[in-house]
Amino acid sequence: TGTFTIPMMRAARFKREIAGGIEAASSSGGALVPPVMGAAAYLMLEIVQPAVTYLQIIQSALIPAVLYYLSIFLFVHFLSLRIASTPAVAEDDEMEGASPEDNLSGEPKKLEPYKGVLFVCSLASLIAFLILGFTPFRAVTLALVVLLTLSFFRSETRLTWTRFVEAIRGAGRDVVPLICAAACVGVIIGVVTLTGVGTRFPAMILPIAEDSLLGALLLIMAGSLILGMGLPSVVCYLLMATLVGPVLGNLGVVPLAAHFFIFYFGMMSMVTPPVALAAYAASSVAGSKIIPTSMAAFRVALVGFTLPFMFVFRPELLLLAPDGESLSIVAVIYSTTIGVLGIIAFAAGLSGYLLGRLKIGWRVALFVAAALMLYPGEAFLFPQDWLFTVHDLAGVILLAVVALLTRKAESSQEAT
């Protein structure tokens, strides 16, 4: 997608590094989005205990995925407003003019609609079979049957011997990276087992968790980020779930929420400097320097580092109820609303624009407001049967004050 989104952003006066960073962050988030979620959903079906269904996994992933992409959307929106409010002759750290080489050239490829129909039908049938309760192996097999059956209706898609050989060759070539990664995981697990790290790491987390669940989660986050820098996010999740899985139940966290926590940080390693593999790819398209692009991607995706902590402390965001309790729709709506307001404050602070250009002090105030709303405090009932926290109330008030101040300043500037 970067081959057409990055030139569009460059034409809108975004700097190369910012355009590449936005693309890296948005592309990496695809692994969070149901119903596909890469291979993570299928691994969770095998690993999470007590067992969960495919439908539970994809519905739990929905709200965090929406919040992640909402944060990127708002960052781009606010940054676009900031650039639009800046005269073309003025200097801004976030913008520069597009150059002629940013334009794409070449004839567009001819569309082949029926191949798109095959893709959509095969994917839809795979999801349907999984929702109906078939095992992943059987669901894939039945989806292949659907794909092969539909392909026979058109000569350009019909399976011939030549195409069959090419498909087998392509499948073998595509599976090599996954096999190599799985083999590396086997080596790492062997080293972890022989050196005793596999027992020491969980044993180190438990005493910390007794005093501070947040401290234990920070350790797990660090482990996921470090391992994820050298492994695909799915393989990183598999390794961390193997190491930490046995102690997750002792942390007082809803099991599925704990596994999502591990997986999210394995994915966020794709935009975490100094490695940030997604930013490497984006910088090659944008023609930008790698480290600045990595830092921009990290900045754009920062809300992704707060989301896992949010849904561990507020499992309602995953449409899960705390252990021993029933899921409250009011709690889901409340947690989602506070999450959206926190993301608005965070995105505005990062981009430097809300209802007008933000001064440094206002940006700091918005970061404080975001931290107050995204950090889970002790809940109390205010009024009865309504979940509320002092942190949330203070964050909402601070966001409203900054919004009013920026609007007033913008109106005064327009008047003059």
Side-chain angles (χ1 to χ4, degrees), residues 9 12-15 17-26 28-29 64 66-86 90-95 264 268 271-273 279 292-310 313-314 317 335-377 389-411 413:
M9 287 186 278
R13 298 166 64 197
F14 281 68
K15 288 184 68 175
E17 289 76 14
I18 298 296
I22 291 170
E23 177 56 40
S26 57
S28 298
V66 170
L67 292 178
Y68 178 79
Y69 276 100
L70 177 64
S71 71
I72 297 177
F73 170 82
L74 289 172
F75 174 83
V76 175
H77 175 65
F78 289 140
L79 188 57
S80 298
L81 291 175
R82 174 180 165 183
I83 291 174
S85 67
T86 304
E91 293 186 1
D92 194 295
D93 293 338
E94 314 292 352
M95 71 178 199
Y264 262 55
M268 294 308 297
V271 289
T272 303
T293 304
S294 301
M295 296 303 297
F298 176 74
R299 173 185 168 193
V300 174
L302 264 177
V303 75
F305 289 83
T306 63
L307 276 175
F309 291 96
M310 287 176 63
F313 289 101
R314 286 176 172 161
L317 290 173
S335 297
T336 304
T337 302
I338 290 298
V340 169
L341 292 175
I343 286 170
I344 291 173
F346 201 66
L350 285 174
S351 61
Y353 195 98
L354 185 55
L355 297 178
R357 294 179 68 88
L358 293 170
K359 300 175 182 178
I360 294 297
W362 293 349
R363 295 178 74 169
V364 173
L366 284 178
F367 286 133
V368 173
L372 289 171
M373 286 183 278
L374 299 179
Y375 177 79
T389 70
V390 176
H391 292 277
D392 297 338
L393 180 60
V396 171
I397 292 173
L398 190 54
L399 172 61
V401 169
V402 174
L404 290 173
L405 290 174
T406 53
R407 184 57 185 167
K408 183 178 180 181
E410 192 73 9
S411 299
Q413 188 174 359

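All values reported here derive from a predicted model rather than from experimental measurement. Each residue takes its place number in the sequence, starting with 1.
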Peer 1: How many angstroms lie between atom CE of M373 and atom OG1 of T337, to the nearest 0.5 angstrom?
Peer 2: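 One gets 11.5 Å once the value is rounded to the nearest 0.5 Å.
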
Peer 1: What do you reckon, are the aromatic ring centroids of F305 and Y264 less than 6.0 Å apart?
Peer 2: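 No, the ring of F305 stays outside the 6.0 Å limit from the ring of Y264, centre to centre.
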
Peer 1: The criterion is ring pair (Phe, Tyr, Trp, His ring centres under 6.0 Å); which residues satisfy it with Y68, sequence neighbours excluded?
Peer 2: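 Per chain and number, Y68 pairs via ring pair (Phe, Tyr, Trp, His ring centres under 6.0 Å) with no residue.
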
Peer 1: Check for a donor-acceptor pair, side chain of R314 on one end and backbone N or O of S335 on the other, with a separation under 3.5 Å.
Peer 2: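 The answer is no, because no donor-acceptor pair under 3.5 Å joins these two groups.
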
Peer 1: What is the distance from atom CD1 of I18 to atom CE of M295, rounded to the nearest 0.5 Å?
Peer 2: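 Spacing of CD1 (I18) from CE (M295) equals 11.0 Å.
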
Peer 1: Would you indicate whether the side-chain heavy atoms of F14 and S80 approach each other to under 4.5 Å?
Peer 2: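 Of all side-chain heavy-atom pairs linking F14 with S80, at least one is under 4.5 Å.
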
Peer 1: Taking all non-hydrogen atoms of both residues, which atom of L398 and which atom of A369 are closest, and how far apart?
Peer 2: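 The answer is CD2-N, 3.7 Å.
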
Peer 1: If I compare all heavy atoms of A370 with all of G342, which pair ends up nearest, and what's the gap?
Peer 2: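 Minimum heavy-atom separation between A370 and G342: CB-O, 3.5 Å.
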
Peer 1: Taking all atoms of both residues into account, what is the closest heavy-atom pair of R407 and L355, and its distance?
Peer 2: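 Shortest heavy-atom contact: CB-CD1, 3.9 Å.
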
Peer 1: Which pair of heavy atoms, one from A345 and one from L399, lies closest together, and at what distance?
Peer 2: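 Shortest heavy-atom contact: CB-CD1, 4.0 Å.
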
Peer 1: Are the side chains of F298 and V271 in touch, meaning some heavy atoms are under 4.5 Å apart?
Peer 2: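 In short, these two side chains do not touch, never coming nearer than 4.5 Å.
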
Peer 1: P292 and E17: which non-hydrogen atoms are nearest, and at how many Å?
Peer 2: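 Where P292 meets E17 most closely, the heavy atoms are CB-CG, 3.4 Å.
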
Peer 1: Quick one: NZ on K15 to CD1 on I83, what's the gap to the nearest 0.5 Å?
Peer 2: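 One finds 10.5 Å between NZ of K15 and CD1 of I83.
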
Peer 1: To the nearest 0.5 Å, what is the distance between CG (L302) and CD1 (I343)?
Peer 2: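 L302 CG to I343 CD1: 12.0 Å, rounded to 0.5 Å.
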
Peer 1: S26 versus Y69: any side-chain heavy-atom pair under 4.5 Å?
Peer 2: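 S26 reaches Y69 side chain to side chain.
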
Peer 1: Test your reading of the model: is there a side-chain donor-acceptor pair from R299 to the backbone of L350, 3.5 Å cut-off?
Peer 2: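 A pair under 3.5 Å: yes.
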
Peer 1: Rounded to the nearest 0.5 Å, what separation is found between the CD1 atom of I344 and the CG atom of L354?
Peer 2: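 If we round to the nearest 0.5 Å, I344:CD1 and L354:CG are 8.5 Å apart.
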
Peer 1: Would you confirm whether T406, through its side chain, and A403, through its main-chain N or O, come within 3.5 Å as a donor-acceptor pair?
Peer 2: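 Yes: the side chain of T406 pairs with the backbone of A403.
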
Peer 1: For R82, does its backbone N or O pair with a side-chain atom of R357 as donor and acceptor, under 3.5 Å?
Peer 2: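 Side chain of R357 to backbone of R82, a donor-acceptor pair under 3.5 Å: yes, one is there.
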
Peer 1: To the nearest 0.5 Å, what is the distance between CG on L79 and CD1 on I22?
Peer 2: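 If I round to the nearest 0.5 Å, the distance is 6.0 Å.
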
Peer 1: For side chain to side chain contact (heavy atoms under 4.5 Å, CB included), just list the numbers for L317 and L67, CA-CA rounded to whole Å, side-chain angles, deciding distance to a tenth of an Å, and then say yes or no.
Peer 2: CA-CA 10 Å; L317 290 173; L67 292 178; 4.3 Å; yes

Peer 1: Nearest heavy-atom pair of L366 and A348: which atoms, and what distance?
Peer 2: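 Closest approach of L366 to A348: CD1-CB, 3.7 Å.
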
